[in-house]
Structure formats: structure tokens, C-alpha cells
Amino acid sequence: DVLGTMEPVMRGIFEEFGEGKPAKKVVIVAGFQGVSGRKEITTLGRGGSDTTAVALGAALAADCEIYSDGAGVFTADPRVGPEARRQEELSDEEMQALARAGAKVLNQQAVEFARSTGITIRARSTFGGPEETVVRAGTGRARIAGVALEKELALVDVPAELAERA
């Protein structure tokens with residue numbers, strides 16, 4: 001349970017750096033570690049850095065910026081489909097579905113955590129530029145937001161509203 005693992009960390013961060021505290025310290029955080037209920041340091045696994053970033057955002061009541069080699073979230077993997085377009089904005093439900101289906105741009109647990117804590121994620125490029133995809137609650141529409149590819153696996157998940165129109 002990601003929330004259970006990160007809760008003690010979030011509480012400690014807020015107590016040290018939360019609302020009303022002077023910003024006099026620079027904090028460096030290992031991006032894939034958490035603490036168990038027994039206070040044991042543990043790794044969060046693949047995508048743990050994304051989850052850590054969201055946990056920090058939740059603890060500090062701040063939006064979260066996650067940087068990767070792509071300039072946001074695209075309708076498909078641009079390396080596979082060169083016609084893929086960057087999404088300006090996605091709902092957390094849409095991003096969760098893409099991550100669950102195999103999209104690697106944002107970790108599924110991090111998106112779930114952001115959704116449960118109300119944190120907005122801004123997916124940006126490590127290499128700079130203004131392009132980004134904003135992932136937040138309540139922006140979902142009945143649409144096909146993107147396609148994720150997992151080799152040797154086919155999954156089609158079409159919302160009921162769209163299926164009825166087809």
C-alpha cells in the first residue's frame with residue numbers, strides 16, 4: 001500500500017517544512033525510498049521516484065513536476081507512432097488508465113497517489129522547454145486520450161459512452 005508506506009514520510013516532511021515554516025534549507029531526497037510501518041527503510045520499486053515526488057507534493061500541499069525524456073504525455077509513444085500528439089491536459093482517471101495499460105511516462109502508483117491526495121502533476125521534459133502535460137482531477141471527458149503499447153499484449157479499453165456511439 002503506497003499511501004501507508006509514504007504516510008510517515010509525508011508527516012515528517014510537513015512538520016519540518018510545511019506551511020508557515022521558513023524556507024532556509026535545501027532538502028535532497030532519495031527518489032525511490034520509503035519507510036515501512038516498522039520504521040524500516042524500503043525501496044518503492046520501479047517508478048518510485050515519481051511516487052516520492054507526489055508524496056512530497058502532498059506533504060507540502062504543492063503541485064508536482066515530474067521530468068522525463070519526453071515533453072509530456074502523448075497520444076501514443078512518439079518513438080513508435082511519429083504522428084503522436086502531446087496532450088495539453090489529462091484527467092487523473094485518463095492518466096491512470098494509460099499507466100495501467102503500459103504507458104511508461106508516469107508511474108501508475110504515483111498517479112493513483114496524486115489522485116487520492118488531490119495533487120496536480122505537471123509532466124515535463126528533462127531537456128527544457130515550455131511543453132508539458134497537466135494531469136489533474138476533474139478534467140476528464142468521454143474520449144480516447146491515448147494508446148499504450150505493451151509488446152505481445154493487446155488491450156482495448158473504451159469508455160461505455162464512446163462504445164455506445166460507435
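Here, residue 1 is the first one in the sequence, and each next residue gets the next number.
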For residues [X] and [Y], report the shortest heavy-atom separation together with the two atoms involved.
| X | Y | value |
| --- | --- | --- |
| G72 | V105 | O-CG2, 3.5 Å |
| A114 | I121 | CB-CD1, 3.7 Å |
| E93 | R115 | CG-NH2, 3.3 Å |
| R136 | E89 | NE-OE2, 3.7 Å |
| V111 | D92 | CG1-O, 3.7 Å |
| A76 | A84 | O-CB, 3.3 Å |

To the nearest 0.5 angstrom, please state how far the [atom1] atom of [X] sits from the [atom2] atom of [Y].
| X | Y | atom1 | atom2 | value |
| --- | --- | --- | --- | --- |
| F74 | E131 | CZ | CD | 8.0 Å |
| S49 | N107 | OG | CG | 9.5 Å |
| E132 | I66 | CD | CD1 | 12.5 Å |
| Q87 | L98 | CD | CG | 8.0 Å |
| L106 | T51 | CG | OG1 | 10.0 Å |

Quiz item: Ignoring hydrogens and geometry, is there a side-chain-to-backbone donor-acceptor pair from T126 to S68 under 3.5 Å?
Solution: yes
Quiz item: Does D63 offer a backbone N or O that forms a donor-acceptor pair with the side chain of T120 under 3.5 Å?
Solution: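 Side chain of T120 to backbone of D63, a donor-acceptor pair under 3.5 Å: no, none is there.
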Self-check item: Residues in salt bridge (Lys or Arg N to Asp or Glu O under 4.0 Å) contact with E83, at least two apart in sequence or another chain
Solution: none
Quiz item: Are E65 and R122 within salt-bridge range, i.e. N to O under 4.0 Å?
Solution: no
